[in-house]
Asker: 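Below is a structure I'd like to ask you about.
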Amino acid sequence: IEIHLNNNKIRQITANAFGSFPLASLDNLELNFNRLTSLPLDIFSVLTSLEKLELDNNVMTAIPDFPLHSSLKTLRMENNLLQRQPPSWLDRLTALETLVLNNNSLTTTPSFSRPHQKLGSLFMSENRLTDLTEENFEGLVLETLQLAKNTIDSLTSFLALNSTLKTLYLRGNSLSGVTGSEMLEFIEGMPVLETFDVSDTGLTTFPNVTSLDRKFKYLRLGNLDTMVCNCSLSWLKNWTAIDESFESLDVYNHTALCRFPGSGSARYWGDITIEELCSEGRSSRNFVTFDCSFILVNQNQQHNPQAAL
């Protein structure tokens, strides 16, 4: 049974608000786009079968206090007024599989006092996350992690998820200090990672991932504005190697300008050949330095990652 109460300007809700409705059978409650600031504790004593709770676009300052062993599998609280850190008692949600906390003011990820073997997807884009460590993800088995538009400046914390993480979105963070060798070491240390977005992060280098014995589904490097055309960039023109390393890959933005070192002349990336990239005799290594915006996408079916589920 589902109840949808979206867009109703609701400011307050109580456990008896549903009258004689059989709340014990309710498994999906949507309260998006209202004016809720909180939920009463006693409401969960009657929502014993609730599996999905949506509270997006309200004005809540805290995550509701759930009872131990809640049946909840999906919790959405995108675009609220959550601050500082999620409460430690989130580990009471032993059935939780998906947690969406995008667009709040949280400064750290949820902490769990015991291993959480069911939480597979965590969405915390557009918060205030910065100094994450491996301890932030200790005991988790995340497969999808979306942290776009925070101020994260390091990749090392995600190595705690090296055996499970398949999808990582870091668009709009601050990775300008990550070197090519550090990026290559990180990717090599994440053997199941198959979808990776590091666009708009200020990266100045990126390794030749076609040299790795693995296949990616999706890699996005778009909107990088310090690209220098030289031989280290030639791997992006090697379609045979790309076909072996990606399901299918294309250069999305052919009108991006790429500047040649020395002369400073600019050319459209789509017009430049491998021969021109390597004409100055520079050694082709595993690193790429960028001065233009391009996106690598799946050619068989366009890959348009969503902000959240």
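Here the structure is a predicted model, which means the values were calculated and not measured. The basis for the numbers below is simple: all heavy atoms, side chains too, and nothing from hydrogens, waters or symmetry mates.
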Asker: Would a single hydrophobic cluster contain both Leu159 and Leu140, if residues Ile, Leu, Val, Met, Phe, Trp and Tyr are joined by side-chain heavy-atom contacts under 4.5 Å?
Answerer: yes

Asker: Minimum heavy-atom separation for Ala160 to Glu134, with atom names?
Answerer: CB-O, 3.6 Å

Asker: Just wondering, more than 12 heavy atoms not from Arg11 lying within 6.0 Å of its CZ?
Answerer: no

Asker: Are Lys217 and Glu194 close enough for a salt bridge, meaning some N to O gap below 4.0 Å?
Answerer: yes

Asker: For the residue pair Phe186 and Phe158, categorise the inter-ring angle as parallel (less than 30°), tilted (30 to 60°) or perpendicular (more than 60°).
Answerer: perpendicular

Asker: Is any side-chain heavy atom of Tyr218 closer than 4.5 Å to a side-chain heavy atom of Thr167?
Answerer: no

Asker: Can you give me the closest heavy-atom contact between Asn102 and Met124, atom names plus distance?
Answerer: OD1-N, 3.2 Å

Asker: Please lay out, stage by stage, how Leu47 and Leu53 fare under the test side-chain contact (heavy atoms from CB on, under 4.5 Å).
Answerer: CA-CA 11 Å; Leu47 299 177; Leu53 176 61; over 6 Å; no

Asker: Please confirm whether the backbone N or O of Asn32 pairs with a side-chain atom of Asn6, one donor and one acceptor, at under 3.5 Å?
Answerer: yes

Asker: Kindly say whether Leu26 contributes a backbone atom to a donor-acceptor pair with the side chain of Ser49 at under 3.5 angstrom?
Answerer: no

Asker: As a quick check of understanding, evaluate side-chain contact (heavy atoms from CB on, under 4.5 Å) for Thr94 and Lys118, giving each step before the final call.
Answerer: CA-CA 7 Å; Thr94 55; Lys118 292 190 177 181; over 6 Å; no

Asker: Are more than 12 heavy atoms, taken from residues, nucleotides or ligands other than Gln12, located less than 6.0 Å from that residue's CD atom?
Answerer: no

Asker: Please answer whether the main-chain N or O of Glu2 pairs with a side-chain N or O of Asn28 as donor and acceptor at a distance below 3.5 Å.
Answerer: no

Asker: Measure the CG-CG distance between Leu168 and Leu161 for me, rounded to the nearest 0.5 Å.
Answerer: 9.0 Å

Asker: Please confirm whether the backbone N or O of Gly177 pairs with a side-chain atom of Asp153, one donor and one acceptor, at under 3.5 Å?
Answerer: no

Asker: Has the side chain of Asn162 got a donor or acceptor atom that lies under 3.5 Å from a matching backbone atom of Met190?
Answerer: no

Asker: Using side-chain heavy atoms (C-beta onward) and a distance below 4.5 Å, is Phe216 in contact with Ile187?
Answerer: yes

Asker: Mind checking the NE2-CD spacing from His4 to Glu54? Nearest 0.5 Å is all I need.
Answerer: 8.5 Å

Asker: Rounded to the nearest 0.5 Å, what separation is found between the CG atom of Leu147 and the OH atom of Tyr169?
Answerer: 12.0 Å

Asker: Quick one: do Ile13 and Val59 end up in the same hydrophobic cluster if we chain Ile, Leu, Val, Met, Phe, Trp and Tyr together by side-chain heavy atoms under 4.5 Å apart?
Answerer: no

Asker: Between Asp65 and Arg92, is there a side-chain N and carboxylate O pair less than 4.0 Å apart?
Answerer: yes

Asker: With a 3.5 Å distance limit and no angle check, can you tell me whether Ser71 reaches the backbone of Leu50 through a side-chain donor-acceptor pair?
Answerer: yes

Asker: Asn80 side chain to Glu78 main-chain N or O, any donor-acceptor pair under 3.5 Å?
Answerer: yes

Asker: Do Leu75 and Leu81 belong to the same hydrophobic cluster, where Ile, Leu, Val, Met, Phe, Trp and Tyr are linked whenever their side-chain heavy atoms lie under 4.5 Å apart, directly or via other members?
Answerer: no

Asker: Quick one: do Leu129 and Asn136 satisfy side-chain contact (heavy atoms from CB on, under 4.5 Å)? Show the steps, please.
Answerer: CA-CA 11 Å; Leu129 305 179; Asn136 288 90; over 6 Å; no

Asker: Answer whether the closest heavy-atom distance between the side chains of Leu55 and Pro64 falls below 4.5 Å.
Answerer: yes

Asker: Just how far is it from atom CZ of Arg220 to atom OG1 of Thr195, taken to the nearest 0.5 Å?
Answerer: 13.0 Å

Asker: Are Asn127 and Asn150 linked by a side-chain donor-acceptor pair shorter than 3.5 Å?
Answerer: no

Asker: Quick one: closest heavy-atom pair of Ser174 and Thr151, and the distance?
Answerer: OG-CA, 4.2 Å

Asker: Any side-chain heavy atom of Pro110 sitting closer than 4.5 Å to one from Leu122?
Answerer: yes

Asker: Is there a side-chain contact between His116 and Leu96 in this structure, where contact means two heavy atoms from C-beta onward sitting under 4.5 Å apart?
Answerer: yes

Asker: Any donor-acceptor pair under 3.5 Å linking the side chain of Ser125 with the backbone of Ala148?
Answerer: yes

Asker: What's the separation between atom CG in Leu31 and atom CD1 in Ile3, rounded to the nearest 0.5 Å?
Answerer: 8.5 Å

Asker: First locate atom CZ of Arg171, then atom CG of Asn173, and finally report the distance between them rounded to the nearest 0.5 Å.
Answerer: 9.5 Å

Asker: Could you report the tightest heavy-atom contact between Leu184 and Leu212, atom names first, then the distance?
Answerer: CD1-CD2, 4.1 Å

Asker: Are the side chain of Asn34 and the backbone of Lys9 linked by a donor-acceptor contact shorter than 3.5 Å?
Answerer: yes

Asker: State yes or no: do Val141 and Leu93 share one hydrophobic cluster built from I, L, V, M, F, W and Y residues joined by side-chain heavy-atom distances below 4.5 Å, directly or via other members?
Answerer: no

Asker: So which of Asn58, Asn104, Asn57 actually passes side-chain hydrogen bond (donor to acceptor under 3.5 Å, both in side chains) with Asn79?
Answerer: Asn57

Asker: If we ignore hydrogens and angles and just use 3.5 Å, is the side chain of Ser199 paired with the main-chain N or O of Gly172 as donor and acceptor?
Answerer: no

Asker: In this structure, would Ile274 and Val209 fall into the same cluster of hydrophobic residues linked by side-chain contacts under 4.5 Å?
Answerer: no

Asker: Just do the side-chain contact (heavy atoms from CB on, under 4.5 Å) check on Thr61 and Gln83 with the steps written out, would you?
Answerer: CA-CA 7 Å; Thr61 58; Gln83 297 181 6; 5.8 Å; no

Asker: Do you know the tightest heavy-atom contact between Met183 and Pro207?
Answerer: CG-CD, 3.4 Å

